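Encoded as structure tokens, the structure appears first; notes follow it.
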Amino acid sequence: MQSKRFLAIPLTVLAAGACLTATAAASERPAPVAAVARHSALPPGYQLVTLPNANVGNFQRRTLYCPGTKKVLGGGAEARGNRAILVGSFPTDDGRGWIGIGRQDGYNDVGISVFAICAD
């Protein structure tokens, strides 16, 4: 019976500490979104470039390049259509563009859109 008493005291202390931690976390308010956005700067020459949806053969690459001498910072692709599956979304080997690959079960083609975030 005595071991239960010794166990009850540490559990009570842990529970009280958890309540204090939860209260402290709830009282800390995140900075307003406007304040955060004001301090973050976009990279020089930032540009979002898109390659609109077009049907291509299954597993055919659609490649989007950044304009001029800009390099790709990131990107993505979307497979569109019934049972469409995005197979790949990755940068070009030279770092100047983005590639999207997809397929569509039961069809010979798939709609693919590609997006790239470019900067100087």
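Below, all heavy atoms of this structure are taken into account, side chains as well, without hydrogens, waters or symmetry copies. This chain uses plain numbering: 1 for the first residue, then up along the sequence. All values derive from a computational prediction rather than experimental measurement.
Every residue meeting the side-chain contact (heavy atoms from CB on, under 4.5 Å) condition with Lys70, not counting sequence neighbours, appears here in chain and number order: Gln47, Cys66, Pro67, Cys118, Asp120. When the side-chain hydrogen bond (donor to acceptor under 3.5 Å, both in side chains) test is applied to Asp94, the partners found at least two apart in sequence or on another chain are Thr92.
Checked by atom type and distance alone, the side chain of Arg62 never pairs as donor or acceptor with a backbone atom of Trp98 at under 3.5 Å. The backbone N or O of Gln104 lies less than 3.5 Å from a partner atom in the side chain of Asn58, making a donor-acceptor pair.
Residues Ile99 and Thr63 come closest through the heavy atom pair CG1-OG1, 3.7 Å. Considering every non-hydrogen atom in both Ala77 and Gly100, the closest pair reads CB-CA, 3.7 Å. The heavy-atom pair separating Leu64 from Val49 by the smallest distance is CD2-O, 3.3 Å. The two residues Leu73 and Pro43 come nearest to each other via the heavy atoms CD1-CG, 3.7 Å.
In the hydrophobic clustering of this structure, Phe59 groups with Phe90; members are Ile, Leu, Val, Met, Phe, Trp, Tyr whose side-chain heavy atoms approach within less than 4.5 Å, directly or through other members. Under the 4.5 Å side-chain contact rule for hydrophobic residues, Leu51 and Leu48 do not share a cluster.
When side chains are defined from C-beta on, Ile117 does not count as touching Val72, because their heavy atoms never get closer than 4.5 Å. Between Thr50 and Val114, every side-chain heavy-atom pair lies at or beyond the 4.5 Å cut-off.
Rounding to the nearest 0.5 angstrom, the gap separating the CD atom in Glu78 from the CG atom in Asn53 is 7.5 Å. Note that CZ of Arg61 and CD1 of Ile112 are 12.5 Å apart. Values are rounded to the nearest 0.5 Å.
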